[in-house]
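Below is one structure, written out as structure tokens; comments come after it.
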Number of protein chains: 2
Amino acid sequence: MKLHCFGESGHSYKAALSLTLADQEWEPVFVDFFNGGTRTPAYLELNVMGEAPVLEDGDTVLTQSGVIQDYISSKSGKLGGKSAAERREVLRWLFYDNHKVSSIAGPLRFIMNFLPEEKRNADVIAFLSGRLAGALKVMDAHLDGRNWLAGEELTIADIACCSYLYYPEDFNFDRKAYPNIDRWLDAIAAQPGWKHPYDLMPGSPADRA
Amino acid sequence: MKLHCFGESGHSYKAALSLTLADQEWEPVFVDFFNGGTRTPAYLELNVMGEAPVLEDGDTVLTQSGVIQDYISSKSGKLGGKSAAERREVLRWLFYDNHKVSSIAGPLRFIMNFLPEEKRNADVIAFLSGRLAGALKVMDAHLDGRNWLAGEELTIADIACCSYLYYPEDFNFDRKAYPNIDRWLDAIAAQPGWKHPYDLMPGSPADRA
């Protein structure tokens, strides 16, 4: 399988880490996002949404990280939950992530780190930081007394919700303020085969420095 | 089935309209969001995420509109797509909605209409308005030459993505600026049994006036 992705993209990381932890053969195709790589006619033909990641598996072309994660767990029989109820719980946290976690953390980190300083609006940063803190507080409460977000084992739900939380750039996220999230991030990172996004996918701020 | 919901909630509308157009028996349970109804201990016991909607079907309690929509289409055999590929396409637009459409339109409309005027931050409104316009432009392009977002028939994907777009309050959304979305919204509203969110669920600004 081929995954169109780039290191700075937490959404891509959800797919890349799911492929890796489900023991799937895959190779990355670098998307040059910072030079307009998701805005070319060829890329928009691949994905009208103009986003990474895109997964190609033969003739099957999939976009949206949640769909790709669901496909990987179905194809591999791994990371997807053991029953219909567990699968719904997995899907619940995938939606929560897309709605409240990575959809906020992504733009917030982008604004605070990758926009020119004069375009970093303090009110927007404060707004997004407040939204993110609220979402993480819910996750931290849910993880109290639990090892994983959905069910008894690591699933794609954990891989979705953690996706932006390993990045080193400042986006007003302090792991130590969320003790259950802190422990859970360590537990995910201890999985055999786990890699940091900048090690798992091509492209990082260091490459562009 | 019982749906915990309120009229102003586009996320609730996705579930309520899916239940209605899939010909399911359901009744609404009013969530008094504007008086803290999603923050009570009892509600947080029902849904740690502190959000509406919540669907109760016997002992099954489901949260996240996307999970509820998926459950309704599975249970009814309606509105969910005809093949594995169509179901993935449906799921793709459900995630797109949660990531880029209703997750932006919801807070934007809330800030512009339901927050006290002194709390309506112009920079945040401009930021969210730009994000929403970008997301709707993609949807409008995708709907060019198509009747529905995913597949040949109306699905829960359409019901998700339209959820905030019928509301009368100003949130910098002008239907006429998106001709394909405008046509598609008319087509959804022409479905037998369709109702406006303020007619389908209890609670509206008029009730609080």
Side-chain angles (χ1 to χ4, degrees), chain A residues 11 44 47-51 55 59-71 74 84-85 87-104 106-108 111 119 121-128 130-131 134-135 137-144 146 149 160, chain B residues 11 44 47-51 55 59-71 74 84-85 87-104 106-108 111 119 121-128 130-131 134-135 137-144 146 149 160:
Chain A
H11 299 298
L44 290 172
N47 182 10
V48 68
M49 295 164 178
E51 299 173 335
L55 183 73
D59 290 340
T60 300
V61 177
L62 299 174
T63 83
Q64 286 295 321
S65 61
V67 174
I68 295 171
Q69 291 191 288
D70 181 66
Y71 180 79
S74 295
R87 281 189 291 274
R88 283 197 293 267
E89 187 69 5
V90 166
L91 191 60
R92 177 190 185 211
W93 288 98
L94 288 189
F95 276 112
Y96 187 76
D97 168 63
N98 275 262
H99 181 192
K100 292 247 169 120
V101 184
S102 60
S103 57
I104 305 294
L108 176 58
I111 293 169
K119 292 196 176 177
N121 185 289
D123 289 345
V124 171
I125 289 172
F127 170 76
L128 293 174
R131 299 268 299 170
K137 199 175 152 194
V138 166
M139 264 174 55
D140 199 65
H142 182 72
L143 283 168
D144 191 23
R146 282 188 178 86
L149 284 170
Chain B
H11 300 297
L44 291 171
N47 182 9
V48 67
M49 295 163 178
E51 298 173 337
L55 183 73
D59 290 339
T60 299
V61 177
L62 298 174
T63 83
Q64 286 294 321
S65 62
V67 173
I68 295 171
Q69 290 190 288
D70 181 66
Y71 179 79
S74 295
R87 281 189 290 274
R88 283 196 294 267
E89 187 68 5
V90 166
L91 192 59
R92 178 190 185 212
W93 287 98
L94 288 190
F95 275 113
Y96 187 76
D97 168 64
N98 276 262
H99 182 191
K100 293 247 169 120
V101 184
S102 60
S103 57
I104 305 294
L108 176 58
I111 292 169
K119 292 196 175 176
N121 185 289
D123 290 344
V124 171
I125 290 171
F127 170 76
L128 293 174
R131 299 269 298 171
K137 198 175 152 196
V138 166
M139 264 174 54
D140 199 64
H142 181 72
L143 284 169
D144 190 22
R146 281 188 179 85
L149 284 170

Query raised in the report: Taking all atoms of both residues into account, what is the closest heavy-atom pair of A:R131 and B:P107, and its distance?
Result: NH2-CG, 3.5 Å
Report summary line: Max heavy-atom pairs within cutoff under 4.5 Å with chain B, candidates A:Y71, A:Y96, A:W93, goes to A:Y96
Query raised in the report: Which heavy-atom pair separates B:V138 from A:M49 by the least distance, and what is that distance?
Result: CG1-CA, 3.8 Å
Query raised in the report: In terms of heavy-atom proximity below 4.5 Å to chain B, should A:D123 be classed as side chain, backbone, both, or neither?
Result: both
Requested in this report: Drop me the distance from B:E51's CD to A:H99's NE2, to the nearest 0.5 angstrom.
Outcome: 6.0 Å
Report task. For the residue pair A:N47 and B:R92, establish whether any side-chain heavy-atom pair is separated by less than 4.5 Å. Result -> yes
Query - Parallel, tilted or perpendicular: ring planes of B:F95 versus A:F95, cut at 30 and 60 degrees - result: parallel
Query raised in the report: Is it the side chain or the backbone of A:L44 that comes within 4.5 Å of chain B heavy atoms, both, or neither?
Result: neither
Report summary line: With chain B, the option among A:I104, A:T63, A:L62 that has the most non-hydrogen atom pairs under 4.5 Å is A:T63
Report summary line: When rounded to the nearest 0.5 Å, the distance separating CG of B:L91 from CG of A:L94 is 8.5 Å
Report summary line: chain A shares the most heavy-atom pairs under 4.5 Å, among B:H142, B:E89, B:K100, with B:K100
Query - Contacting moiety of B:D97, where chain A heavy atoms sit under 4.5 Å - result: neither
Report summary line: Under 4.5 Å to a heavy atom of chain B? For A:T60 that would be side chain
**Report entry** Under 4.5 Å from a heavy atom of chain B, the part of A:I68 involved
**Finding:** neither
